[in-house]
Amino acid sequence: MNIFAIMLVKDEADVVKSVLKAAETWADKIFILDNGSTDGTWEIVQSLANDKIIPWKQYFGAYHNGLRADVYNEFKHLSKPGDWWCCKLDADEFYAENPRVFLSKIPKNCQLVAKKSIDFVITKNDAENCKFSGNFEADKKFLIHIKKKCWVEPRFFRYRKGLAWENNPDNHYPPKIGVLAKALVPVFHYQFRSPQQMQKRLDIRNAAEAKKQGLAFRHVKEKDWHELLHNDEEVLVFQNSSAFFESLPVKNKIYQFALKKLLLRIGIAMRVYQ
């Protein structure tokens, strides 16, 4: 079983090296598309290039999720039936469990796996009492609070010959990919890492929206990083244990009703869905 990962990245210089070095331990190939970084992210990615970390190219147009289809179509010839693709390796995510081990336990009749996102945040007290440097590895010791509920979102799909994925903003992964597994792979999501990074993140997204390039960022209403801080009563203190991960409730659920699962299985078996 091979695992191929797709990363879209922009201006994540503080964390991208850490994420790639962690992903390198479980992914056979990591294909990276840079969305016009100006903070040295692309140069860091290029400096890490090896037989696993593949800096593909830079793209300076508007971001949308369909861009991952371009990466998949460029490199899918390397894949064989039964291999897995990580359709979205974000530059601020670390897997709590080795995906290679996790995916080996997924039933053969399931083709899609979702993540359970353990989302780290910064509280008002953290901001006041911690000396954030803007460097992820140096600041990680301050990141001890998480949201009380987890976000669920597809992350891996099982490859099969003829599987099509068109560059469409609505296609986060190949449509009709198949049946969703019940098990959720836990992921540490460091969306908010320091006041410096939080403000830069907001500036990038607000600038994209101002240029009418922010279709994916319309939900971003904040202008200042202080607006992203949490109160103590809104968060939990992180505990690094499987029991703790499993106890966390989810904010949303991805449903596949029994009839849909049956139709997907029939469609795949009869090759109606390539």
Side-chain angles (χ1 to χ4, degrees), residues 1-61 63-65 67-79 83-103 115 117-120 132-143 153 155-157 159 172-173 185-194 196-198 200-201 203-205:
M1 176 184 74
N2 290 316
I3 304 177
F4 302 103
I6 297 172
M7 175 185 279
L8 263 60
V9 64
K10 180 172 183 175
D11 289 342
E12 303 279 11
D14 66 310
V15 73
V16 68
K17 180 177 181 179
S18 298
V19 170
L20 284 171
K21 297 304 288 185
E24 192 179 24
T25 64
W26 54 262
D28 292 280
K29 301 287 184 184
I30 307 167
F31 307 113
I32 303 134
L33 173 62
D34 182 272
N35 193 195
S37 292
T38 59
D39 70 342
T41 295
W42 183 236
E43 289 74 17
I44 293 172
V45 170
Q46 289 178 308
S47 73
L48 296 172
N50 56 31
D51 61 334
K52 287 190 174 184
I53 298 173
I54 315 296
W56 182 36
K57 67 177 182 180
Q58 284 190 293
Y59 167 78
F60 293 90
Y63 166 85
H64 63 81
N65 284 298
L67 292 171
R68 292 181 176 84
D70 290 343
V71 184
Y72 169 77
N73 288 316
E74 178 72 17
F75 296 103
K76 67 179 182 179
H77 65 278
L78 300 176
S79 201
D83 288 345
W84 286 93
W85 280 78
C86 177
C87 56
K88 190 177 183 182
L89 175 61
D90 279 351
D92 54 9
E93 290 185 345
F94 299 82
Y95 282 81
E97 183 175 342
N98 187 325
R100 186 169 295 277
V101 176
F102 189 91
L103 294 172
K115 71 160 183 172
S117 185
I118 300 166
D119 299 318
F120 285 80
F132 288 93
S133 67
N135 178 279
F136 173 72
E137 289 298 333
D139 294 337
K140 189 162 57 173
K141 60 181 177 291
F142 302 134
L143 303 174
E153 186 176 87
R155 273 299 179 269
F156 292 92
F157 65 87
Y159 175 82
H172 293 238
Y173 51 89
V185 58
V187 171
F188 301 151
H189 182 205
Y190 290 94
Q191 184 180 24
F192 306 118
R193 303 184 290 277
S194 69
Q196 299 94 317
Q197 174 268 331
M198 290 158 69
K200 182 171 74 171
R201 179 185 180 90
D203 291 344
I204 290 171
R205 282 154 177 75

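Side-chain atoms of D119 and Q191, non-hydrogen and from C-beta on, never get closer than 4.5 Å to each other. Within the 4.5 Å cutoff, no side-chain heavy atoms of L33 are placed close to those of D70. V16 is not listed as a side-chain neighbour of L48, based on a closest heavy-atom distance of 4.5 Å or more. Using a 4.5 Å heavy-atom threshold, the side chains of E153 and H172 count as separate. In this structure, H189 and D92 have side chains that are in contact, with non-hydrogen atoms separated by less than 4.5 Å. A heavy-atom distance below 4.5 Å is found between the side chains of F156 and I3. M7 has its side chain out of reach of V45: every pair of non-hydrogen atoms, C-beta onward, lies at least 4.5 Å apart.
The one candidate from K57, Q58, K10, Q46 that meets the side chain to side chain donor-acceptor pair (under 3.5 Å) condition with D34 is Q58. Here the options are W84, F102, Y95, the test is ring-ring contact (aromatic ring centres under 6.0 Å, His included), and the partner is W26; only Y95 passes. For the side chain to side chain donor-acceptor pair (under 3.5 Å) test with R100, the passing option among T25, N2, D28 is D28; the others fail. Exactly one of Q197, R193, Q196 qualifies for a side chain to side chain donor-acceptor pair (under 3.5 Å) with D14. That residue is R193. Checking F4, Y159, F31 one by one against F75, the ring-ring contact (aromatic ring centres under 6.0 Å, His included) holds for a single residue, F31.
A donor-acceptor contact shorter than 3.5 Å links the side chain of D11 to the backbone of T38. One N or O on the side chain of D139 and one on the backbone of G134 form a donor-acceptor pair closer than 3.5 Å. Checked by atom type and distance alone, the side chain of D39 pairs as donor or acceptor with a backbone atom of A13 at under 3.5 Å.
Interatomic distance, I6 CD1 to I30 CD1, rounded to the nearest 0.5 Å: 12.0 Å. Expressed to the nearest 0.5 Å, how far CZ of R68 lies from CH2 of W85 amounts to 13.0 Å. Between the NZ atom in K29 and the CD1 atom in I54 there is a gap of 5.0 Å [rounded to 0.5 Å]. Distance check: S47 OG to I53 CD1 gives 8.5 Å after rounding to the nearest 0.5 Å. Here the CZ-OG distance, from R155 to S117, works out to 7.5 Å after rounding to the nearest 0.5 Å. Atom CG in N35 sits 11.5 Å away from atom CH2 in W42 (nearest 0.5 Å).
Between F157 and Y173, the distance separating the two ring centers is not shorter than 6.0 angstrom.
Of the N and O atoms on the side chains of E137 and S18, at least one donor lies less than 3.5 Å from an acceptor on the other residue.
Relative ring orientation between F142 and F132 is described as perpendicular, the plane-to-plane angle rising above 60° on a 0-90° scale split at 30° and 60°. Between Y190 and F94, the ring planes lie perpendicular to each other; the angle is over 60°, past the 30° to 60° tilted range.
Within 6.0 Å of the NZ atom in K76, the count of heavy atoms belonging to other residues, nucleotides or ligands exceeds 12.
Nearest approach of L67 to Y63, heavy atoms of both residues: CD1-CA, 4.1 Å.
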### Message
Please evaluate residues E24 and N50 with respect to the criterion side chain to side chain contact (heavy atoms under 4.5 Å, CB included), reporting the C-alpha separation (whole Å), side-chain torsions for both, the decisive distance (0.1 Å), and the verdict.
### Response
CA-CA 10 Å; E24 192 179 24; N50 56 31; 2.6 Å; yes
### Message
Assess the residue pair V19 and E93 against the criterion (side chain to side chain contact (heavy atoms under 4.5 Å, CB included)); give the C-alpha distance rounded to whole Å, side-chain angles, the decisive distance to 0.1 Å, and a yes or no.
### Response
CA-CA 7 Å; V19 170; E93 290 185 345; 5.9 Å; no
